[in-house]
Amino acid sequence: MEKGKLELPDEISSVLIERAKKIGGIGSLGVTNKNTVGVCAEFRAVNRLLLNKSDIVNIRLTEAISPRTG
């Protein structure tokens with residue numbers, strides 16, 4: 001991956017693809033029009049869990065807290 005360039009994972013869980021469609025789809029700017037769906041760390045973490053046979057109902061994310069702004 002080129003430094004500073006965000007790329008989609010090579011393999012994406014079909015469950016995650018379906019969920020992403022609800023907010024514009026992978027590669028879209030989602031509901032905020034600020035961030036590309038599919039390139040953030042949270043997406044990658046959930047994708048890895050799903051590809052390793054976790055069930056989406058067992059995956060929870062907490063609210064993010066920015067170290068810069070608290």
Side-chain angles (χ1 to χ4, degrees):
M1 180 186 321
E2 183 181 320
K3 186 174 181 171
K5 183 177 179 190
L6 303 174
E7 296 181 8
L8 295 172
D10 292 332
E11 182 181 5
I12 301 173
S13 161
S14 60
V15 173
L16 202 49
I17 291 170
E18 289 305 311
R19 290 289 177 110
K21 286 180 183 178
K22 294 178 180 182
I23 59 169
I26 295 170
S28 75
L29 290 179
V31 296
T32 63
N33 271 344
K34 293 181 181 177
N35 300 306
T36 305
V37 175
V39 297
C40 66
E42 294 84 354
F43 184 94
R44 291 176 176 278
V46 170
N47 187 50
R48 179 162 292 176
L49 288 167
L50 292 170
L51 291 175
N52 285 305
K53 309 298 182 211
S54 290
D55 190 328
I56 190 107
V57 300
N58 296 322
I59 300 172
R60 301 281 185 268
L61 299 175
T62 62
E63 281 191 49
I65 300 173
S66 171
R68 219 174 340 121
T69 61

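For the single chain, residues carry numbers from 1 onward in sequence order. Just so it is clear, the values below take in all heavy atoms, side chains as well, and ignore hydrogens, waters and symmetry mates.
Using a 4.5 Å heavy-atom threshold, the side chains of Leu51 and Glu11 count as touching. Looking at heavy atoms from C-beta onward, Leu29 lies in side-chain contact with Thr36 at the 4.5 angstrom threshold.
Remark: Ile17 CD1 to Ile26 CD1 distance equals 5.0 Å, nearest 0.5 Å. To the nearest 0.5 angstrom, Phe43 atom CZ is 7.0 Å from Leu8 atom CG.
Residue pairs meeting the salt bridge (charged side-chain N to carboxylate O under 4.0 Å, His left out) criterion with at least one partner in residues 14-26, sequence neighbours excluded, are Glu18-Lys21.
A pairwise comparison of heavy atoms in Pro9 and Gly38 identifies CD-O, 3.4 Å as the closest pair. When all heavy atoms are compared, the tightest approach of Ser13 to Asn47 is N-OD1, 2.8 Å.
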Quick one: side chains of residues 56-65, donor-acceptor pairs under 3.5 Å with protein atoms, not counting sequence neighbours, listed by atom name and distance.
{"from": "Arg60", "atom 1": "NH1", "to": "Val57", "atom 2": "O", "distance (Å)": "2.8"}
{"from": "Arg60", "atom 1": "NH2", "to": "Val57", "atom 2": "O", "distance (Å)": "3.3"}

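Applying the side-chain contact (heavy atoms from CB on, under 4.5 Å) rule to Thr32 yields the partners Lys34, Asn35; only residues at least two apart in sequence or on another chain are considered. With sequence neighbours excluded, the residues forming a side-chain contact (heavy atoms from CB on, under 4.5 Å) with Arg48 are Asn52, listed by chain and number.
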